[in-house]
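Below: one structure, written as structure tokens.
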Number of protein chains: 2
Amino acid sequence: MKEGPDIAQIGALIGDPARANMLTALMGGKALTATELAAAGGITVQTASTHLAKLEAGNLLTQRKQGRHRYFTLADDSVGKFLESIMGFAAGRGYLRHKPGPKEPALRKARICYDHLAGDYGVRMLDSMIGRGAIDAIGDGLVLTKSGETALKDIGIDVHTLKSSRRPLCRSCLDWSERRAHLAGSLGKALLSNFLDKGWAHRTAGSRCVVFSPEGERQFLMLFPAIK
Amino acid sequence: MKEGPDIAQIGALIGDPARANMLTALMGGKALTATELAAAGGITVQTASTHLAKLEAGNLLTQRKQGRHRYFTLADDSVGKFLESIMGFAAGRGYLRHKPGPKEPALRKARICYDHLAGDYGVRMLDSMIGRGAIDAIGDGLVLTKSGETALKDIGIDVHTLKSSRRPLCRSCLDWSERRAHLAGSLGKALLSNFLDKGWAHRTAGSRCVVFSPEGERQFLMLFPAIK
DNA sequence: TTCATAGTTCGATCCTAACCGAAGCATCGT
DNA sequence: ACGATGCTTCGGTTAGGATCGAACTATGAA
């Protein structure tokens, strides 16, 4: 009767609203302290502490001590991945934590998905790269083409070093707001870093939103024209 | 602070052991009655009834009345998909519902993953098809080749009709026991149906196990030789 | 009609776990 | 050394929800 892995424990860990909010906050990819996470969860630090201990025991989080702070991050990108898959389902079925508020449009426009760009802009970027032949979409998979590689070199991304990492270069990730794929993998991460480094965009504190500067937005839209 | 979809509600639904067991049972793809699900969850029918109502309200299940029975199935293959993604994570982190029992080996060998073949045999089948060039693995994606299409025709699968469906033909699905990919999508489903129709294998009641007959096993192993 | 089976609803019990106040460590700055 | 800050542990309270017995509804069989 009892077969296979136990999903109940994981479900229970995610099932508490405070913990779910903390996990969602950590989907931003940034390491957060226990106090910050307590705020994100809407609870006191004591309560947060016990929650964090449970999440860590469940291998969903890891912590790193730094001075008198403890920085928590998702244990692994596999955690971010299956959380996003649940979010995708949740979004499709109208599981929303609130009525769409003022932050919502900004979040749908551009946000961080663990370590890469998501939202309208994330989807546009991938579509544009596919449209101009920088990336081939084959079945579920994404493959960087030769011409794509040289184009990336021009904007300052050395694909060669990325390839040496064990992590896949291109990976598609389902976007919960757009319900279409955006670009994940080490290349997705590199592109986001590139934009942030250039000052085209910056992250907002305590949120997954990514805000583009006027100039950055201009450059981005020019670099990734819409495909009709 | 509160952004994005609410994963807590879904987590809570999965987080109860009885509900998780019922959902896992439904991953077998077969429609089950409330009484059968109560047994799968290890609870009385009254309790099961309230659980099932909650799961249905949460859009994880649908029911179909037939006479005095109510048959429950997963609402959608998207449910099966994200459940499997959680299972994949759970299996990798040692979340097991029990010490490995007598059924465990059979389950690892061949089982149903919603509607296609998983386990050792599922992984072997995909590896073998890739090895002989019937399927190309490109990045994350899988693509059926011309030669693969004709080979499938020989065993009685008409790829053309499958292609007309909206569902993707080939899709890779992470196997929680083998931790490698097996073949999902409409082709994965068609292959499993094909084996069952030919009598090579049959499902076992109340379990996700797929049991091959001696002759069926011989044929299967011959058709999908191991790749070294 | 009458009985049996499948399932739901109600009511009451009971237990887990979330929660916070207070106190205790650990680390940093001065 | 001393206070301030970040975090954990302990203890006691409370609330939510899982559970089942019993009663009720619905469908099928005889």
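Below, chains carry the letters A, B, ... as their sequence lines are ordered, and counting in each starts from 1. Atom set for the values below is all heavy atoms of this structure, side chains included, hydrogens, waters and symmetry mates excluded.
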Between atom [atom1] in [X] and atom [atom2] in [N], what is the gap in whole Å?
X: A:L13; N: C:dA17; atom1: CG; atom2: C1'; result: 13 Å
X: A:R70; N: C:dC28; atom1: CZ; atom2: C1'; result: 15 Å
X: A:D16; N: D:dA15; atom1: CG; atom2: C1'; result: 13 Å
X: A:Q63; N: C:dT27; atom1: CD; atom2: P; result: 13 Å
X: B:K54; N: C:dG7; atom1: NZ; atom2: P; result: 19 Å
X: A:L52; N: C:dA18; atom1: CG; atom2: C1'; result: 14 Å

Please list each protein N or O that sits under 3.5 Å from an N or O in nucleotides 20-26 of chain D, with the distance.
{"from": "D:dC20", "atom 1": "OP2", "to": "B:T44", "atom 2": "N", "distance (Å)": "3.2"}
{"from": "D:dC20", "atom 1": "OP2", "to": "B:T44", "atom 2": "OG1", "distance (Å)": "3.1"}
{"from": "D:dC20", "atom 1": "OP2", "to": "B:T47", "atom 2": "OG1", "distance (Å)": "3.0"}
{"from": "D:dG21", "atom 1": "N7", "to": "B:Q46", "atom 2": "NE2", "distance (Å)": "2.6"}

*Check the side chains of A:E215 and A:S213 for a donor-acceptor pair under 3.5 angstrom, ignoring hydrogens and angles.*
no

_For B:E217, is there an ion pair with B:K109 - N to carboxylate O distance below 4.0 angstrom?_
yes

_Minimum heavy-atom distance between B:H116 and B:A184, given as atom pair plus value_ = CE1-CB, 3.4 Å

Given [options], identify the nucleotide with an atom nearest to the side chain of [X].
X: B:T35; options: C:dT8, D:dT8, C:dA6; answer: C:dA6
X: A:F72; options: D:dT19, D:dT8, C:dT8; answer: D:dT8
X: B:H51; options: D:dA18, D:dT8, C:dA18; answer: D:dA18

Check: [X] side chain, [Y] main-chain N or O, donor-acceptor pair, under 3.5 Å:
X: A:R203; Y: A:G28; result: yes
X: B:R19; Y: B:K54; result: no
X: B:N194; Y: B:I157; result: no

*Using the ring-ring contact (aromatic ring centres under 6.0 Å, His included) rule, pick out the option among B:F195, B:F224, B:F212 that qualifies with B:Y121.*
B:F212

*So does A:H69 get a side-chain nitrogen or oxygen closer than 4.0 Å to the phosphate oxygens (OP1/OP2) of C:dC28?*
no

*Does a nitrogen or oxygen in the side chain of B:R19 sit under 4.0 Å from OP1 or OP2 of D:dA18?*
yes

